[in-house]
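Just below is one structure, and these are the notes that go with it.
All residue numbers in this chain count up from 1 along the given sequence.
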Amino acid sequence: MEKNSGKTLGLLGAVSRISIFTGMSRILGFVRDILLASVLGIGPVSDAFFVAFKLPNLFRRISAEGAMTSAFIPNYTRIKQRQGIGAAQKLASEMQVILVWGLVAIVVVFELFMPYVIIGLAPGFAGGDAGRFAGAIFMARLTMPYLPMISLLALWIAIGNVFGRFSLGSAMPMLMNGVMIGAALAVWLLSPEFDQGALGYKRANFIAAAVALGGVLKLLVIGVSLRRLGYLPHVQFYPRLSPEGRQLWRRFWPAALGSAGMQLNLLVDTILASILAVGAISQLYYADRVAQLPLGVVGIALAVALLPKLSQLEQAPKLDVGAVRHVLRRAVLLGMLAALPALVGIVVIAEDIIRGLFAYGAFDKNMVAPTAHVLIAYGLGVPAFILVKIFQPAFYAAGDTITPLRVTILSVLCNIILSILLMQILGAAGLALATSLSLWGSAVIFMFLLVHRRRFDVFVVVPLLKILLASCVMGLALLAVRFGLAGLVPWQILLVLMVVSGAVYVPLIFLFGVWHEVSS
């Protein structure tokens, strides 16, 4: 079990544990996406599938994961510390029954009115290819039952995180990726011929059905694990709200919306991309999947590990502001150790990344360059996304759910305005760039507010400049090596560039003394 302290070693240990499982999941995720690119390609079939796949994930991240970690964990931690584990588990049981019944009702409504939901999510589908519109509706109906299962799972994962069982939740995406990989392989073996017509949609339908199956398996695995640990909430069939439960739900909705900034911005991208050329939605998906590697392995891992630790500090009888600053400073350094080299690497070798990962099978080779441009635009926002993931828990741990909500509203409004302007010039890349710029705005606002509240130390800029310098040296090395790899196939080029980036960057981090500052 993790130590319940704000010490740096505890934070690094938690982040390392989460990052290992998340990294393994991301590797499986890339295998999944490579197979999806090969069997679905870039076109109307893939656009329809990714819109359908986005729908339950969007609601999961807004209503479950974001709010669950942001509103539930601080309240659960406070009650556990002051009233005992029994009272905390009672709160969890109340949350569980209301969450399940509410989301089941949402699924029923969405299943009945799915054509209108798809029009709202991808309005360009309604006036274009009829097959793409019908395919998105059918696949969305297949994937939508995933929502209540994964939302219940998010609650159980949050409970495990409070007790330091971070590996429970961070290992779960591996199971889903394994199920989808199996479905994609089955499609490829049973139906090796590909087209963008009826056969293509049948292949996509099979993979969409596997999403719900993955949700069932994840729920069973973590439910059994949590039950063995003695942390599984008791089953209730009728909602009963205690005073603590009512307080939690008052904070739940602001926390849900406040945590949804990135997801709402990506939703804006999808809506606007649906009116661009066919394939724009798929370009955004594949580029986002690459950008999600540092975001998931480090950014989300930091957010998951930070909230319980900051909650323990903020909810303690005697608040130690210095300890909060200490944790946040180390978290920022750790996050930028991954974010800044990721930014530089994406800008320098974006086409090599897309070509080496996805340009196989049904993936149109002419789409490599446009997808790489989208990747660069998303890559510019990687540091900002990680900073937002680090800063938001500081507000939630203190019981402040309103400030992140206000910043999120401002971010989404800026993203909408910038997206409409930039998409006319840069197409899908303009949508991605607008998302990155709006995230930078959110990160800067959060930072200034935390400095004002004495929770953050601006002198962290000195080691950050060292990290940036090491990243730029790495970028120059990649440019130099790239010219000598013309004779290799794409995946070999990408592999060599990845090895070179690590061989240059890691020694510089130790040479500049940055790692000592993170781990001391």
Side-chain angles (χ1 to χ4, degrees), residues 23-43 46 177 181 184-185 188 194 279 282-298 337-383 428-429 432 436 467-509:
M24 295 169 64
S25 173
R26 296 294 173 173
I27 292 172
L28 282 177
F30 277 124
V31 175
R32 179 197 74 187
D33 292 332
I34 290 169
L35 288 171
L36 289 179
S38 297
V39 301
L40 301 181
I42 284 189
S46 59
N177 287 331
I181 287 171
L185 285 173
W188 181 70
F194 175 81
S282 300
Q283 291 173 30
L284 289 168
Y285 174 83
Y286 290 121
D288 177 61
R289 291 300 300 166
V290 176
Q292 285 291 327
L293 179 60
L295 303 184
V297 173
V298 177
L337 278 174
L340 293 178
L343 185 158
V344 173
I346 285 173
V347 170
V348 172
I349 60 169
E351 285 200 27
D352 295 296
I353 294 173
I354 297 299
R355 186 179 293 109
L357 286 176
F358 303 125
Y360 309 99
F363 192 101
D364 188 347
K365 305 301 188 295
N366 295 323
M367 288 295 181
V368 169
T371 307
H373 296 157
V374 177
L375 174 58
I376 292 173
Y378 273 144
L380 295 174
V382 166
S436 294
I467 298 174
L468 181 60
L469 176 59
S471 301
C472 291
V473 173
M474 179 203 76
L476 292 174
L478 291 176
L479 286 174
V481 171
R482 179 65 185 82
F483 288 108
L485 302 178
L488 300 179
V489 297
W491 70 266
Q492 292 173 332
I493 293 175
L494 181 59
L495 179 61
V496 171
L497 292 174
M498 292 295 100
V499 172
V500 169
S501 65
V504 174
Y505 178 72
V506 174
L508 288 175
I509 289 302

- Query: Quick one: CG on Leu28 to CD1 on Ile181, what's the gap to the nearest 0.5 Å?
  - Reply: 5.0 Å
- Task: For residues Val344 and Met474, determine if any side-chain heavy atom of one lies less than 4.5 Å from a side-chain heavy atom of the other.
- Result: yes
- CD1 (Ile349) and OG (Ser501) are apart, to the nearest 0.5 Å, by 6.5 Å
- Task: Please examine the side chains of Tyr286 and Ile34, heavy atoms only from C-beta on, and report whether any two atoms are closer than 4.5 Å.
- Result: no
- Query: How about Val347 and Leu343: do any of their side-chain heavy atoms sit closer than 4.5 Å?
  - Reply: yes
- Item | Student check: side-chain heavy atoms of Cys472 and Leu476 closer than 4.5 Å | no
- Item | Min side-chain heavy-atom separation Val348-Leu479 under 4.5 Å | yes
- Item | Val496: side-chain contact (heavy atoms from CB on, under 4.5 Å) partners, not counting sequence neighbours | Val481, Leu485, Leu488, Val500
- For the pair Val473 and Val504, evaluate side chain to side chain contact (heavy atoms under 4.5 Å, CB included) and give the outcome as yes or no after the intermediate values. CA-CA 8 Å; Val473 173; Val504 174; 4.1 Å; yes
- Closest heavy-atom contact between Leu340 and Pro383? CD2-CG, 4.1 Å
- Message: Which residue in the set Thr371, Val368, Leu375 passes side chain to side chain contact (heavy atoms under 4.5 Å, CB included) when paired with Ile353?
- Response: Leu375
- Task: Could you pull out the closest heavy-atom pair between Gly345 and Leu478, with the gap in Å?
- Result: CA-CD1, 4.4 Å
- Note: Trp188 and Val39 closest approach over all heavy atoms is CB-CG1, 3.9 Å
- Note on the structure: Tightest non-hydrogen contact, residues Ala342 and Val382, listed as CB-CG1, 4.4 Å
- CD-CG distance between Gln492 and Asp352, expressed to the nearest 0.5 angstrom: 13.0 Å
- Message: Using side-chain heavy atoms (C-beta onward) and a distance below 4.5 Å, is Tyr285 in contact with Val374?
- Response: no
- Taking all atoms of both residues into account, what is the closest heavy-atom pair of Gly381 and Ser436, and its distance? N-OG, 3.2 Å
- Distance, nearest 0.5 Å, that separates CD1 of Ile354 from CD1 of Ile346: 9.0 Å
- Message: Run the salt bridge (Lys or Arg N to Asp or Glu O under 4.0 Å) test against Arg355 and tell me which residues pass, sequence neighbours left out.
- Response: Glu351
- Provide the closest heavy-atom pair for Ala432 versus Ala377 in the form atom of the first, atom of the second, distance. CB-CB, 3.6 Å
- Message: Is the shortest side-chain heavy-atom distance between Leu357 and Asp33 below 4.5 Å?
- Response: no
- Message: A side-chain contact here means heavy atoms from C-beta on lying under 4.5 Å apart; do Ser46 and Leu36 qualify?
- Response: no
